[in-house]
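Everything below concerns the one structure shown next.
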Amino acid sequence: MIEVKNLQKIYQNGDVKVSALKNISLTIKEGEFVAIMGSSGSGKSTFMNILGCLDRLTSGEYLLDGIPIQERTEEELSEIRNLKIGFVFQSFNLIPRTTALKNVELPLLYARKKQNYRRKKAMELLEKVGLKDRIYHMPNEMSGGQRQRVAIARALANEPPLILADEPTGNLDSKSGEEVMEIFKKLNNEGVTIIIVTHELDIAQHCKRIVTFKDGNLIGDELVKNRL
Ligand code: ADP
Ligand code: ADP
(Lines give C-alpha, C1' and ligand atoms only; values in the text may rest on other atoms or scores of the structure.)
(Ligands and ions follow the chains in the order given, each with its own letter.)
Protein backbone atom coordinates (compact mmCIF):
# COMPACT_ATOMS: atom_id res chain seq x y z
CA MET A 1 0.00 0.00 0.00
CA ILE A 2 2.83 2.38 0.95
CA GLU A 3 6.27 2.29 -0.63
CA VAL A 4 8.82 4.91 0.31
CA LYS A 5 12.24 4.85 -1.37
CA ASN A 6 15.24 7.01 -0.47
CA LEU A 7 12.94 9.72 0.81
CA GLN A 8 14.56 13.01 1.82
CA LYS A 9 12.85 16.09 3.16
CA ILE A 10 14.71 19.37 3.49
CA TYR A 11 13.01 22.45 4.91
CA GLN A 12 14.50 25.68 3.69
CA ASN A 13 13.79 28.83 5.68
CA GLY A 14 15.81 31.61 4.09
CA ASP A 15 19.43 30.53 4.32
CA VAL A 16 18.74 27.87 6.92
CA LYS A 17 18.30 24.30 5.73
CA VAL A 18 16.91 21.60 8.00
CA SER A 19 17.29 18.02 6.86
CA ALA A 20 14.17 16.58 8.52
CA LEU A 21 14.22 13.15 6.82
CA LYS A 22 17.52 11.85 5.52
CA ASN A 23 17.19 8.69 3.49
CA ILE A 24 14.10 6.76 4.43
CA SER A 25 13.05 3.55 2.71
CA LEU A 26 10.04 1.68 4.07
CA THR A 27 7.20 -0.52 2.88
CA ILE A 28 3.85 -0.79 4.65
CA LYS A 29 1.44 -3.41 3.36
CA GLU A 30 -2.33 -3.38 3.41
CA GLY A 31 -3.67 -4.50 6.80
CA GLU A 32 -0.65 -3.40 8.82
CA PHE A 33 -0.90 -1.52 12.12
CA VAL A 34 2.24 0.55 12.62
CA ALA A 35 3.43 2.82 15.43
CA ILE A 36 5.96 5.53 14.58
CA MET A 37 8.09 6.44 17.59
CA GLY A 38 11.02 8.77 18.21
CA SER A 39 11.88 11.80 20.28
CA SER A 40 10.73 15.30 19.52
CA GLY A 41 12.27 16.65 16.30
CA SER A 42 13.12 13.19 14.93
CA GLY A 43 10.94 13.66 11.82
CA LYS A 44 7.74 11.81 12.75
CA SER A 45 5.30 14.58 11.84
CA THR A 46 7.17 15.37 8.65
CA PHE A 47 6.92 11.70 7.67
CA MET A 48 3.19 11.55 8.48
CA ASN A 49 2.54 14.75 6.51
CA ILE A 50 4.26 13.25 3.48
CA LEU A 51 2.39 9.93 3.82
CA GLY A 52 -0.84 11.94 4.12
CA CYS A 53 -0.08 13.80 0.86
CA LEU A 54 -0.17 17.05 2.85
CA ASP A 55 3.47 17.90 2.25
CA ARG A 56 5.89 17.09 -0.55
CA LEU A 57 9.15 15.20 -0.40
CA THR A 58 12.39 16.87 -1.53
CA SER A 59 13.82 13.78 -3.24
CA GLY A 60 13.10 10.09 -3.49
CA GLU A 61 9.86 8.31 -4.19
CA TYR A 62 6.52 7.75 -2.48
CA LEU A 63 4.07 5.28 -3.99
CA LEU A 64 0.58 5.05 -2.46
CA ASP A 65 -1.33 2.10 -3.95
CA GLY A 66 1.17 2.25 -6.80
CA ILE A 67 0.56 5.96 -7.48
CA PRO A 68 3.77 8.06 -7.57
CA ILE A 69 2.59 10.84 -5.26
CA GLN A 70 5.48 13.21 -6.00
CA GLU A 71 4.25 13.53 -9.60
CA ARG A 72 0.68 14.53 -8.75
CA THR A 73 -0.83 18.04 -8.79
CA GLU A 74 -2.31 19.64 -5.66
CA GLU A 75 -5.79 18.96 -6.99
CA GLU A 76 -5.04 15.30 -7.56
CA LEU A 77 -3.52 15.04 -4.07
CA SER A 78 -6.67 16.48 -2.55
CA GLU A 79 -8.71 13.83 -4.33
CA ILE A 80 -6.33 11.06 -3.23
CA ARG A 81 -6.62 12.25 0.39
CA ASN A 82 -10.41 12.28 0.25
CA LEU A 83 -10.60 8.80 -1.25
CA LYS A 84 -7.88 6.98 0.57
CA ILE A 85 -6.97 8.57 3.89
CA GLY A 86 -8.71 9.25 7.19
CA PHE A 87 -6.89 11.68 9.50
CA VAL A 88 -7.01 11.67 13.31
CA PHE A 89 -5.25 14.39 15.32
CA GLN A 90 -4.05 14.85 18.87
CA SER A 91 -6.42 17.77 19.47
CA PHE A 92 -9.49 16.12 17.84
CA ASN A 93 -10.19 19.13 15.52
CA LEU A 94 -13.97 18.82 15.81
CA ILE A 95 -16.22 21.70 14.81
CA PRO A 96 -17.38 23.37 18.05
CA ARG A 97 -21.08 24.05 18.73
CA THR A 98 -21.94 21.32 16.24
CA THR A 99 -23.32 17.93 17.26
CA ALA A 100 -21.30 14.73 17.04
CA LEU A 101 -23.67 13.61 14.30
CA LYS A 102 -23.07 16.74 12.17
CA ASN A 103 -19.33 16.52 12.73
CA VAL A 104 -19.31 12.99 11.33
CA GLU A 105 -21.63 13.94 8.46
CA LEU A 106 -19.37 16.74 7.28
CA PRO A 107 -16.96 14.72 5.10
CA LEU A 108 -20.00 13.02 3.56
CA LEU A 109 -21.39 16.43 2.68
CA TYR A 110 -18.11 17.33 0.98
CA ALA A 111 -18.29 14.01 -0.85
CA ARG A 112 -21.76 15.08 -2.08
CA LYS A 113 -23.60 12.17 -0.49
CA LYS A 114 -27.36 12.45 -0.11
CA GLN A 115 -28.81 13.53 3.23
CA ASN A 116 -30.44 10.17 4.03
CA TYR A 117 -27.21 8.33 3.41
CA ARG A 118 -25.22 10.88 5.43
CA ARG A 119 -27.45 10.53 8.45
CA LYS A 120 -27.55 6.75 8.29
CA LYS A 121 -23.79 6.41 7.79
CA ALA A 122 -22.93 8.89 10.57
CA MET A 123 -25.26 7.11 13.03
CA GLU A 124 -23.74 3.77 12.11
CA LEU A 125 -20.20 5.07 12.67
CA LEU A 126 -21.02 6.72 16.00
CA GLU A 127 -22.57 3.46 17.12
CA LYS A 128 -19.42 1.64 16.01
CA VAL A 129 -17.22 3.86 18.24
CA GLY A 130 -19.59 3.38 21.19
CA LEU A 131 -21.32 6.78 21.09
CA LYS A 132 -24.83 5.80 20.10
CA ASP A 133 -26.23 7.72 23.08
CA ARG A 134 -24.11 10.83 22.41
CA ILE A 135 -25.03 11.68 18.82
CA TYR A 136 -26.68 15.03 19.70
CA HIS A 137 -23.94 16.11 22.13
CA MET A 138 -21.67 19.02 21.26
CA PRO A 139 -17.89 18.52 21.56
CA ASN A 140 -17.77 20.64 24.75
CA GLU A 141 -20.32 18.31 26.34
CA MET A 142 -18.09 15.29 25.84
CA SER A 143 -14.96 13.93 27.48
CA GLY A 144 -11.65 13.87 25.59
CA GLY A 145 -12.03 10.16 24.91
CA GLN A 146 -15.51 10.69 23.54
CA ARG A 147 -14.33 13.56 21.35
CA GLN A 148 -11.55 11.46 19.92
CA ARG A 149 -14.03 8.69 19.16
CA VAL A 150 -16.19 11.22 17.26
CA ALA A 151 -13.05 12.24 15.36
CA ILE A 152 -12.37 8.60 14.48
CA ALA A 153 -15.96 8.15 13.27
CA ARG A 154 -15.48 11.25 11.12
CA ALA A 155 -12.20 9.90 9.72
CA LEU A 156 -14.05 6.72 8.68
CA ALA A 157 -16.94 8.47 6.93
CA ASN A 158 -15.71 7.92 3.39
CA GLU A 159 -14.44 4.41 4.17
CA PRO A 160 -10.74 5.11 3.65
CA PRO A 161 -8.43 2.07 3.47
CA LEU A 162 -5.78 3.99 5.45
CA ILE A 163 -5.95 5.86 8.79
CA LEU A 164 -3.13 8.23 9.78
CA ALA A 165 -3.21 9.35 13.41
CA ASP A 166 -0.69 11.80 14.88
CA GLU A 167 -0.53 11.32 18.68
CA PRO A 168 -4.20 10.24 18.86
CA THR A 169 -3.94 9.49 22.59
CA GLY A 170 -1.64 12.40 23.45
CA ASN A 171 -4.39 14.44 25.12
CA LEU A 172 -6.16 11.52 26.78
CA ASP A 173 -5.96 9.82 30.17
CA SER A 174 -4.72 6.25 29.98
CA LYS A 175 -8.18 4.65 30.17
CA SER A 176 -9.52 6.74 27.27
CA GLY A 177 -6.27 6.11 25.38
CA GLU A 178 -6.78 2.36 25.76
CA GLU A 179 -10.36 2.70 24.48
CA VAL A 180 -9.14 4.55 21.40
CA MET A 181 -6.56 1.83 20.77
CA GLU A 182 -9.26 -0.85 21.11
CA ILE A 183 -11.25 0.92 18.39
CA PHE A 184 -8.18 1.06 16.14
CA LYS A 185 -7.62 -2.67 16.73
CA LYS A 186 -11.18 -3.45 15.75
CA LEU A 187 -10.82 -1.37 12.56
CA ASN A 188 -7.50 -3.01 11.77
CA ASN A 189 -9.14 -6.44 12.19
CA GLU A 190 -11.66 -5.32 9.59
CA GLY A 191 -8.79 -4.63 7.19
CA VAL A 192 -8.07 -0.90 7.65
CA THR A 193 -4.36 -0.08 7.52
CA ILE A 194 -3.42 2.12 10.50
CA ILE A 195 -0.34 4.23 11.17
CA ILE A 196 -0.07 6.16 14.42
CA VAL A 197 2.59 8.42 15.90
CA THR A 198 3.03 8.00 19.63
CA HIS A 199 5.53 8.78 22.38
CA GLU A 200 4.17 6.09 24.66
CA LEU A 201 5.47 2.53 24.50
CA ASP A 202 2.25 1.27 26.16
CA ILE A 203 0.29 2.66 23.23
CA ALA A 204 2.76 1.45 20.58
CA GLN A 205 2.53 -2.09 21.98
CA HIS A 206 -1.09 -2.30 20.82
CA CYS A 207 0.24 -2.06 17.25
CA LYS A 208 1.79 -4.88 15.23
CA ARG A 209 4.98 -3.10 14.23
CA ILE A 210 7.08 -0.26 15.66
CA VAL A 211 9.18 1.97 13.42
CA THR A 212 11.60 4.34 15.18
CA PHE A 213 13.06 7.59 13.90
CA LYS A 214 16.04 9.51 15.25
CA ASP A 215 17.41 12.77 13.82
CA GLY A 216 15.67 12.14 10.49
CA ASN A 217 16.93 8.57 10.17
CA LEU A 218 14.96 5.36 10.46
CA ILE A 219 16.81 3.51 13.22
CA GLY A 220 14.39 0.76 14.23
CA ASP A 221 11.75 -1.43 12.59
CA GLU A 222 10.41 -4.32 14.67
CA LEU A 223 7.38 -6.53 14.97
CA VAL A 224 5.68 -6.29 18.37
CA LYS A 225 6.21 -9.57 20.19
CA ASN A 226 3.95 -9.49 23.23
CA ARG A 227 1.21 -7.41 21.75
CA LEU A 228 -1.21 -5.77 24.19
P1 ADP B 1 8.73 15.24 15.26
O2 ADP B 1 7.35 15.12 14.71
O3 ADP B 1 9.42 13.92 15.41
O4 ADP B 1 8.79 16.05 16.52
P5 ADP B 1 9.19 17.00 13.00
O6 ADP B 1 8.91 16.20 11.79
O7 ADP B 1 8.16 17.95 13.47
O8 ADP B 1 9.63 16.01 14.19
O9 ADP B 1 10.53 17.83 12.79
C10 ADP B 1 11.72 17.28 12.22
C11 ADP B 1 12.74 18.41 12.05
O12 ADP B 1 12.30 19.29 11.04
C13 ADP B 1 12.95 19.24 13.29
O14 ADP B 1 14.30 19.63 13.32
C15 ADP B 1 12.06 20.44 13.06
O16 ADP B 1 12.54 21.57 13.74
C17 ADP B 1 12.15 20.61 11.56
N18 ADP B 1 10.93 21.20 10.97
C19 ADP B 1 9.68 20.71 11.02
N20 ADP B 1 8.83 21.49 10.34
C21 ADP B 1 9.58 22.51 9.83
C22 ADP B 1 9.28 23.64 9.01
N23 ADP B 1 8.05 23.87 8.58
N24 ADP B 1 10.30 24.47 8.71
C25 ADP B 1 11.54 24.22 9.13
N26 ADP B 1 11.89 23.18 9.89
C27 ADP B 1 10.93 22.32 10.23
P1 ADP C 1 -15.68 8.14 29.14
O2 ADP C 1 -17.01 7.50 29.02
O3 ADP C 1 -15.10 8.52 27.80
O4 ADP C 1 -14.72 7.42 30.01
P5 ADP C 1 -15.66 10.10 31.28
O6 ADP C 1 -15.86 9.03 32.28
O7 ADP C 1 -14.36 10.83 31.19
O8 ADP C 1 -15.99 9.56 29.81
O9 ADP C 1 -16.81 11.18 31.41
C10 ADP C 1 -18.13 10.84 31.83
C11 ADP C 1 -19.08 11.96 31.39
O12 ADP C 1 -18.68 13.21 31.91
C13 ADP C 1 -19.06 12.10 29.88
O14 ADP C 1 -20.10 11.37 29.30
C15 ADP C 1 -19.23 13.57 29.63
O16 ADP C 1 -20.60 13.86 29.39
C17 ADP C 1 -18.79 14.23 30.91
N18 ADP C 1 -17.46 14.87 30.72
C19 ADP C 1 -16.26 14.34 30.99
N20 ADP C 1 -15.25 15.17 30.73
C21 ADP C 1 -15.83 16.31 30.27
C22 ADP C 1 -15.34 17.57 29.84
N23 ADP C 1 -14.01 17.85 29.79
N24 ADP C 1 -16.23 18.49 29.45
C25 ADP C 1 -17.53 18.22 29.48
N26 ADP C 1 -18.07 17.06 29.89
C27 ADP C 1 -17.25 16.11 30.27
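Any value given below was found using the heavy atoms of this structure, including those in side chains, with hydrogens, waters and symmetry copies removed. One-based numbering, in listed order, for ligands and for the atoms of each.
- Contact atoms of ligand 1 toward S39: 3 (O) (distance under 4.0 Å to a heavy atom of the residue).
- Residue contacts with ligand 1 include G41, since one or more of its heavy atoms lies under 4.0 Å from the ligand.
- Under the 4.0 Å distance rule, the nearest protein heavy atom to atom 13 (C) of ligand 1 falls inside the cut-off.
- For A20, no nitrogen or oxygen atom sits less than 3.5 Å from a nitrogen or oxygen atom of ligand 1, counting backbone and side chain alike.
- No side-chain N or O of H137 forms a donor-acceptor pair with one of Q146 less than 3.5 Å apart.
- E124 has no carboxylate O lying under 4.0 Å from a charged side-chain N of K132, or vice versa, which leaves the two without a salt bridge.
- Between the E159 side chain and the K84 main chain, no donor and acceptor come within less than 3.5 Å of each other.
- No more than 12 heavy atoms of other residues, nucleotides or ligands lie within 6.0 Å of CD in E222, so this atom counts as exposed by the packing criterion.
- Atom 16 (O) of ligand 1 is not flagged as protein-proximal [any protein heavy atom, distance under 4.0 Å].
- Put simply, the side chain of E71 never gets that close to the backbone of P68: no donor and acceptor are under 3.5 Å apart.
- Counting only N and O atoms by type, the side chains of N49 and T46 include no donor and acceptor under 3.5 Å apart.
- Looking at V197 against ligand 1, nothing comes within 4.0 Å, counting heavy atoms.
- Using a 4.0 Å cut-off between heavy atoms, V18 contacts ligand 1 through its side chain alone, with no backbone atom that close.
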